[in-house]
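Ligands are counted one by one from 1 in listed order, and the atoms in each one are counted from 1 as well.
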Amino acid sequence: MGLVRKVLIIDLDVHQGDGTAVIFQNDSTVFTFSMHCEVNFPGTKQNSDLDVALPIGMEDDEYLQTLDKYLPDLLSNVKPDLVLYDAGVDPHSCDKLGKLALTDTGLFRREMQVLTACLAGGYPVACVIGGGYCDDINGLVYRHSLLHRAASQAYRQYRL
Ligand SMILES: [Zn+2]
């Protein structure tokens with residue numbers, strides 16, 4: 001009891017994290033961060049503690065640079081006892097509902113970027129896979145596996 005006083009939710013699913021934004025809107029112990037495509041569902045966006053809306057068609061480097069612009073400062077400002085990370089793979093270029101243009105490599109780099117930013121700062125992080133809408137099931141499964149591959153690599157890298 002009482003071990004976790006502050007939680008940071010990092011929601012990188014391509015759709016805004018509107019559910020957590022509403023649920024925790026009056027809860028100062030949970031900071032909600034959503035980086036999503038500006039024109040996707042939901043049409044009416046809720047207010048996260050920090051929303052970063054991305055333009056249609058954004059590719060790997062710009063996306064990762066945008067994430068890097070916010071994430072380190074966010075971690076050091078919020079100082080969460082626990083980070084919950086929603087690693088939706090629907091920002092991928094092949095995604096039917098996504099509207100962004102990340103590659104598999106870009107998604108893997110994203111997962112490493114999130115995990116190493118958290119671990120380098122000593123912040124425990126729990127991850128969940130998120131959205132992904134693609135007829136190519138093998139490609140989709142592979143994309144979801146990137147989170148696990150990155151977590152294994154980070155686990156070894158930080159000798160956890
Ligand atoms: Zn989604």
Side-chain angles (χ1 to χ4, degrees), residues 7-27 29-75 78 80 82-119 123-154:
V7 173
L8 170 63
I9 295 177
I10 300 173
D11 190 329
L12 299 186
D13 189 281
V14 82
H15 305 98
Q16 193 207 22
D18 56 335
T20 48
V22 169
I23 291 166
F24 298 113
Q25 61 187 344
N26 297 316
D27 186 341
T29 66
V30 179
F31 190 102
T32 53
F33 166 50
S34 176
M35 200 167 92
H36 49 266
C37 182
E38 60 189 355
V39 296
N40 270 336
F41 177 90
T44 304
K45 304 287 189 282
Q46 303 296 328
N47 292 317
S48 308
D49 292 304
L50 176 60
D51 283 302
V52 177
L54 308 173
I56 292 176
M58 185 177 267
E59 298 180 356
D60 290 347
D61 286 343
E62 213 179 343
Y63 181 96
L64 296 168
Q65 283 160 16
T66 305
L67 181 60
D68 191 49
K69 201 169 108 185
Y70 291 99
L71 186 55
D73 286 346
L74 197 53
L75 286 165
V78 175
L82 177 65
V83 177
L84 300 177
Y85 171 39
D86 178 342
V89 296
D90 45 11
H92 193 271
S93 60
C94 293
D95 199 88
K96 286 195 292 194
L97 304 179
K99 298 188 170 64
L100 295 185
L102 271 64
T103 64
D104 288 352
T105 303
L107 286 171
F108 181 76
R109 288 170 61 201
R110 180 189 72 171
E111 316 313 22
M112 285 304 294
Q113 193 170 317
V114 171
L115 291 170
T116 56
C118 292
L119 296 175
Y123 304 107
V125 52
C127 311
V128 291
I129 62 170
Y133 310 93
C134 183
D135 292 331
D136 173 14
I137 293 300
N138 289 335
L140 188 57
V141 168
Y142 175 72
R143 250 162 254 148
H144 282 307
S145 81
L146 295 172
L147 177 64
H148 302 84
R149 290 166 200 265
S152 307
Q153 189 169 314

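Of all N, O or S atoms in His15, the one lying closest to the Zn ion (ligand 1) is ND1. Of all N, O or S atoms in Asp90, the one lying closest to the Zn ion (ligand 1) is OD2. The N, O or S atom of Asp13 lying closest to the Zn ion (ligand 1) is OD1.
Salt-bridge annotation for Lys45 and Asp18: absent, with no side-chain N of the basic residue lying under 4.0 Å from a carboxylate O of the acidic one.
For Glu59, the CD atom counts as loosely surrounded, since its 6.0 Å shell holds 12 or fewer non-hydrogen atoms of other residues, nucleotides or ligands.
Using a 30° and 60° split on the angle between ring planes, Tyr70 and Phe33 fall in the tilted class, from 30° to 60°.
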Stepwise side-chain contact (heavy atoms from CB on, under 4.5 Å) check, Phe24 with Ile9: CA-CA 10 Å; Phe24 298 113; Ile9 295 177; 3.9 Å; yes
